[in-house]
Amino acid sequence: MKDVLTKKMDDSAKENNVLIENKGFKILVMLLMDVEKNKLIEMYRKLLELRRFEEKCWDLFSQNLIPGTIHLYLGQEAVAVGVCSNLNDADYVQSTHRGHGHCLAKGAKMDKMFAELMGKATGYCKGKGGSMHITDASVGLLGACGVVGAGIVIAPGAALSAKLQGTDQVVACFFGDGASNTGNFHEGLNIAATWDLPVVFVCENNLYAMGTKQSDVMKVENVAERAAAYGIPGVICDGNDVVDVYKTAYEAVKRAREGKGPTLIECKTYRHKGHSRFDQGKYRPEDEVEEWLSKDPIARMRERLLSMGILTDEDASRIEKKVEDEVEVAAKFALESPFPDPKTALDDVWVEESESE
Amino acid sequence: MKDVLTKKMDDSAKENNVLIENKGFKILVMLLMDVEKNKLIEMYRKLLELRRFEEKCWDLFSQNLIPGTIHLYLGQEAVAVGVCSNLNDADYVQSTHRGHGHCLAKGAKMDKMFAELMGKATGYCKGKGGSMHITDASVGLLGACGVVGAGIVIAPGAALSAKLQGTDQVVACFFGDGASNTGNFHEGLNIAATWDLPVVFVCENNLYAMGTKQSDVMKVENVAERAAAYGIPGVICDGNDVVDVYKTAYEAVKRAREGKGPTLIECKTYRHKGHSRFDQGKYRPEDEVEEWLSKDPIARMRERLLSMGILTDEDASRIEKKVEDEVEVAAKFALESPFPDPKTALDDVWVEESESE
Amino acid sequence: MREIMAIEALREAFQEEMRNDKRVVLIGEDIGSKWHGAFKVTQGLAAEFGEERVRDTPISEAAIIGTAVGAAMTGLRPVAEIMFGDLIALAMDAICNQAAKIRYMFGGQVKVPVVIRTPFGGGKSLAAHHSSSFEAWFMHAAGLKIAMPSTPYDSKGLLKTAIRNIDDPVCFFEHKLCYLLKGHVPEEEYFIPFGEADIKREGADVTIVATFLMVHKSLKVAEEMAKEGISVEVIDPRTLVPFDIKTIINSVKKTGRVVVVSEDIKRAGITAEIASQIMEEGGFDYLDAPIKRVASLNTPIPFSPPLEDYVIPNEKRIAKAVKEVLA
Amino acid sequence: MREIMAIEALREAFQEEMRNDKRVVLIGEDIGSKWHGAFKVTQGLAAEFGEERVRDTPISEAAIIGTAVGAAMTGLRPVAEIMFGDLIALAMDAICNQAAKIRYMFGGQVKVPVVIRTPFGGGKSLAAHHSSSFEAWFMHAAGLKIAMPSTPYDSKGLLKTAIRNIDDPVCFFEHKLCYLLKGHVPEEEYFIPFGEADIKREGADVTIVATFLMVHKSLKVAEEMAKEGISVEVIDPRTLVPFDIKTIINSVKKTGRVVVVSEDIKRAGITAEIASQIMEEGGFDYLDAPIKRVASLNTPIPFSPPLEDYVIPNEKRIAKAVKEVLA
Ligand SMILES: Cc1ncc(C[n+]2csc(CCOP(=O)(O)OP(=O)(O)O)c2C)c(N)n1
Ligand SMILES: Cc1ncc(C[n+]2csc(CCOP(=O)(O)OP(=O)(O)O)c2C)c(N)n1
Ligand SMILES: [Mg+2]
Ligand SMILES: [Mg+2]
């Protein structure tokens, strides 16, 4: 069970009368009591997987091996990992144009992802989707989406499926600060709220939508405040702290699974690179960038685990080495894979027939 | 000046140290001091005009003299009159599918309105628009609109015009409770808020969107609560009390005119008839209907003015007679007007040419 | 033989399909027990199947379709309704960028068995926001199948096929003035396959290809023409995607003359595509005259009856076109 | 003679028109001084004209158009930008139900001089949400004028006309792969009227009607064909509404053979309308072979280069069609 960690933590906090404000630290105290160490280590490993995967992407597209454009998840890893660590295999995730992290965190495999990004026949979408439509339906992904905000009306549909079919599945729906200004945001949150659907809306507020500062296009400081318009809880968390994200999502997922309806979570975070392929992010003040780089979610988690003795330097190195090797193997698979036969462009329009020329 | 009334009222309230909670009553106290009686009488006259106009419509379409469908404003008169009494001739009004009241309150003439509703060549839109697109651009109307919510993104544009052209015009944008669930509501309010545009968003919450109860399609009790999502004021008023609407809109219009940005006003009101032509409103509980009918905005205003001595029974009868006569004259004009030449269907697609067949 | 109205035929299709398969759910504005749908198609369905399966929504066209798409991707077979065809403009992204493209973009990993219903057409003096015919937009969006029944019989048979047998997104378009037309509808279950045109009347001199209400207007014209000794064949394609060009070409081989009639505006409308396909797929060599298109004039639909009548094709215009191709 | 890129030509048009008329304002996502537009068309404009007149917006496509429409109705001459053509699906109501219909519905009381810009087209491996060509949708919406320039010269001249001289709503479509093409552009002010096709190359044997990037591909084909002694005329209509059918018919009278080439998908695309108009407006009697349409296959645009190349028309397919109409 995914939620054992938090439950044990809460129970034992009560028992021990631990009174610690910081949620992340509170969990770490529990861990010192040896509760579910592995969960935290696994989250760290995941963070690292997302990081190395994206670094390799950066590398590959610098070599022109990835066509089109690409939106890297670098810097936001704690959000996807923190949220998805609360999900079961059967749960759904609606992703965005910046979707590699969501895919990996939900369990997609790196080899078929690299292959898709490179437009290879062995990719998840047989080369038809690329970065902006990458998905692995077999692990509950509803897909990356090139239209900002469009997934926010699709996610409630998956939740409706779960509700009507009587499963306890929940849907995590990711989107950016910019997406919260779209009409789809309003309609999607309202319908999910009205119908008490099991959706966790996760806004990754990285302060910018392309070059546009969030504060220039909305008069509220926090996207979470918008939850009030739908009569659902709106919660803010530190999107660069995987433990805080985990804990915040835990409550929201629980609420959704119990049939109590959606929650809007806002994760304050930052992207390390520009918006997309060629953007250098010059519109962002240097000190702002520096400040956020110093809050790197992976370094923070590593340091914590080390300082609390959950991880030794050697463990850490071993994990890091392993992830790096896996990334290389996966990229190699993709590099060596063939491009699709052009005629396959006619497949997959319809379920039964192919299109004709 | 349209806003003198409220200003005088406030000043003199301060001077006299009047401490009366009810805003409507407070104004009446001022009136007893003989401040701007005429304003109130004019509002009453307007209310009556809207009422008699719609009653005549009801009559005409019962005789099959109005083609298509029609959404009567009966019962909601205090909203249009209360808001528009704050507007100058140069100000704009964005109307809805239920737009007759907005048009009349902003100064459209009954004769050309009846003619349009009947599809006559002498109508405001030469028979091309009908009830759902009725408008008089010469008095600042941006038009009725058949697509629920669509006007909410158009209104900010008119406000942008005013702002960039340096006028002090404001835009009153009307819409229903149902419209507040559309994506356009979200995008329109957000862009107006972000740009501090002079718009007063007026939600006429009549509890229903066709047969759908507001409380079944949103989890917040008041549409006004949604203002919080845009960082603008949200205010509720008694939509069946023209004085309360007037006073509430006064503040919002002032704010807009001073460049301080939009306000969302929610007017709680009720439609007396069904939603449209053939609807009998059977989905509404009888006691609810009764309760609201007892709060009829016109009867209330009449009674008040009488009891406060602003209007005598004779004055009232004279006004009523006059309005009724005007309605009859206007309807006669429309009835006697010709239908348009079919070929004129090709005009007005383009500014310069006509379409060809 | 039983004659019922199209709205009854559609309702019957829903009843049968909803009884047959729990995954079929209806999503739309005012389709439930308070209003029963703007045209009363869904009357009684909420009472029989409950509000969980016949879901009234907020006025949120994008979310109506988006939610249906998400549900279709995850195991339901939703039927989403947009109350008036014009309002489908508010859901174009959900329909044409999402529903239509998802399977393809994802390399066939998922299917999206959603049915999107909406009524098109004028003739009721509802003016420019409630009278449009936008079917050409969807014909031009890769990934959507499209049905547009003209009769009660076709309505039931095509809707049942759309719900039960087609795993791709279907746009199921209806026509406001066809709703109350009566016609023969068997009480037994039946399915009409997509991609099979129906010859509504056989003839030898001219082929009319028509959809929706224009089928009925064309049939009247054919009847009138028969009195003058002109034999008109009237073909209703019934589905635009897939499109049964073969049946039409066979007819053209016989008649050598074609009039294509549709209520959507002429410019870039479905008559253009149908005429082009006829030319390309073998018709050119058999044609004795250029194909005539009869469609609405290139204007929004006006409110006033004399104007509206002028813009939308009527029997007179159809007859004139028939005479012209025969001239 | 000065040669500049289309993005520079467009920018110059903006500069001239914004200097000329204060009422011209730009509204769109990331068009200002932070990003300069996704394709850098608006670079420098915010610096020169200020943020009040070059307005960055939230990600709110419907409000971008709606706001521009409201502004146009009340005295401004706004130019609204949708960052990618596919996303225009989010603003279909504002464009096709409001901008297009308002003047008509209101019986001519107002005008709506708004220009709506967006880039269409594939070829950049941007996949199905950033590569579509939806111009046919707008050609099928009564009340919109449509320009789609293929060269820098046409870009500047048509944009200036759209902003200054046309009081109706204009859809001004651009093509991503035409942006960086260079061509001769006069430094002086000039205006290209809507409704005048341009013969990009004269020829006697076959007429190619093409738009956007297909003009350039067709010109290459024409050059190749010339070597084989086949003389190809290439006509670019430049505006879809109004549409200059006369110039095309005159060409057809000469050549008797036509290929229509467009990047939008074939089914119900602009090639259907163009082919139909040619047939109806006098072409039929002069045609020696059925008109051939070359367009994208009826699929969403795939991501991977070999797939995308297969779906979008290339020189080979155009050449093949030319040979076929000549056969
Ligand atoms: C509806 C829509 N509008 C515009 C775009 C172009 N675009 C792509 S990403 C992006 C910014 C999105 O910002 P945000 O939602 O904050 O996500 P982030 O990129 O910051 O992760 C924009 C404007 C788009 N893809 N879809
Ligand atoms: C976008 C849209 N969806 C649906 C409709 C059909 N319709 C017309 S009026 C209406 C109800 C509107 O409710 P509300 O906004 O509360 O206004 P009211 O009728 O109560 O004045 C509906 C659903 C429409 N015209 N436009
Ligand atoms: Mg962002
Ligand atoms: Mg209402």
Side-chain angles (χ1 to χ4, degrees), chain C residues 61-62 86-97 100-101 104-105 127-129 132 134-143 240-241 243 260 264-277 279-280 282-285 287 289-293 296-303, chain D residues 61-62 86-97 100-101 104-105 127-129 132 134-143 240-241 243 260 264-277 279-280 282-285 287 289-293 296-303:
Chain C
E61 277 72 14
D86 305 62
L87 310 174
I88 209 164
L90 293 157
M92 287 299 280
D93 181 70
I95 299 174
C96 296
N97 281 332
K101 294 175 178 174
Y104 189 81
M105 298 188 299
H129 280 171
S132 302
F134 289 149
E135 56 268 27
W137 288 356
F138 304 91
M139 200 177 184
H140 187 58
L240 294 179
V241 181
F243 189 76
V260 186
D264 67 340
I265 71 162
K266 188 173 183 180
R267 192 177 50 233
I270 64 166
T271 55
E273 177 61 23
I274 295 172
S276 295
Q277 283 199 30
M279 298 299 293
E280 282 169 354
F284 186 77
D285 294 333
L287 281 179
I291 297 171
K292 272 267 158 198
R293 294 188 289 161
S296 284
L297 304 182
N298 292 323
T299 74
I301 306 298
F303 161 68
Chain D
E61 278 70 15
D86 305 62
L87 311 174
I88 210 164
L90 293 157
M92 287 299 281
D93 181 70
I95 301 173
C96 297
N97 281 331
K101 295 177 179 174
Y104 189 82
M105 296 187 303
H129 280 171
S132 301
F134 288 150
E135 57 269 28
W137 288 355
F138 304 92
M139 201 178 183
H140 186 59
L240 294 179
V241 182
F243 189 76
V260 186
D264 68 338
I265 70 162
K266 187 173 183 179
R267 192 178 49 233
I270 64 166
T271 56
E273 177 61 23
I274 295 173
S276 295
Q277 284 199 27
M279 299 298 294
E280 282 170 354
F284 185 77
D285 293 333
L287 281 179
I291 297 170
K292 271 266 157 197
R293 296 187 287 162
S296 283
L297 304 182
N298 292 322
T299 74
I301 306 298
F303 161 69

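The structure displayed is predicted, hence computed values, not measured ones. Residue numbers begin at 1 in each chain, while the letters A, B, ... track the order of the sequences. Only heavy atoms go into these numbers, but all of them, side chains included; no hydrogens, no water, no symmetry mates.
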Would you mind checking which part of [X] comes under 4.5 Å of any heavy atom in chain C, side chain (CB onward), backbone (N, CA, C, O), both or neither?
X: D:I291; result: backbone
X: D:M139; result: both
X: D:A289; result: backbone
X: D:A127; result: neither

Worksheet item: What do you reckon, is NZ of D:K292 surrounded by more than 12 foreign heavy atoms closer than 6.0 Å?
Response: no
Mind ranking [options] by heavy-atom pairs under 4.5 Å with chain D and telling me who comes out on top?
options: C:I265, C:V241, C:L240, C:L90; result: C:I265
options: C:A128, C:C96, C:A100; result: C:A128
options: C:A141, C:A268, C:A142, C:A62; result: C:A268
options: C:P302, C:A94, C:G283; result: C:P302
options: C:M279, C:E273, C:M92, C:H140; result: C:H140

Fill in: Side chain, backbone, both or neither of C:S132 within contact of chain D (heavy atoms, under 4.5 Å)
side chain
Worksheet item: Which bit of C:A91 comes within less than 4.5 Å of chain D, counting heavy atoms only: side chain, backbone, both or neither?
Response: neither
Fill in: Parallel, tilted or perpendicular: ring planes of C:W137 versus D:W137, cut at 30 and 60 degrees
tilted
Practice prompt. Return the set of residues passing salt bridge (charged side-chain N to carboxylate O under 4.0 Å, His left out) with D:R267 (not counting sequence neighbours), or none when no residue passes.
Written response: A:E355
Discussion item. So, using salt bridge (charged side-chain N to carboxylate O under 4.0 Å, His left out) as the criterion, who are the partners of C:D86 when residues are at least two apart?
Written reply: D:K101
Discussion item. Quick one, C:Q277 and D:R293 - any side-chain contact, counting heavy atoms below 4.5 Å?
Written reply: yes
Worksheet item: Among D:F134, D:F138, D:F243, D:Y104, which has the most heavy-atom pairs under 4.5 Å with chain C?
Response: D:Y104
Worksheet item: If you tally heavy-atom pairs under 4.5 Å against chain C, which of D:G143, D:S276, D:A136 wins?
Response: D:S276
Discussion item. To the closest 0.5 Å, what do you measure between CZ (C:F284) and CZ (D:F284)?
Written reply: 6.0 Å
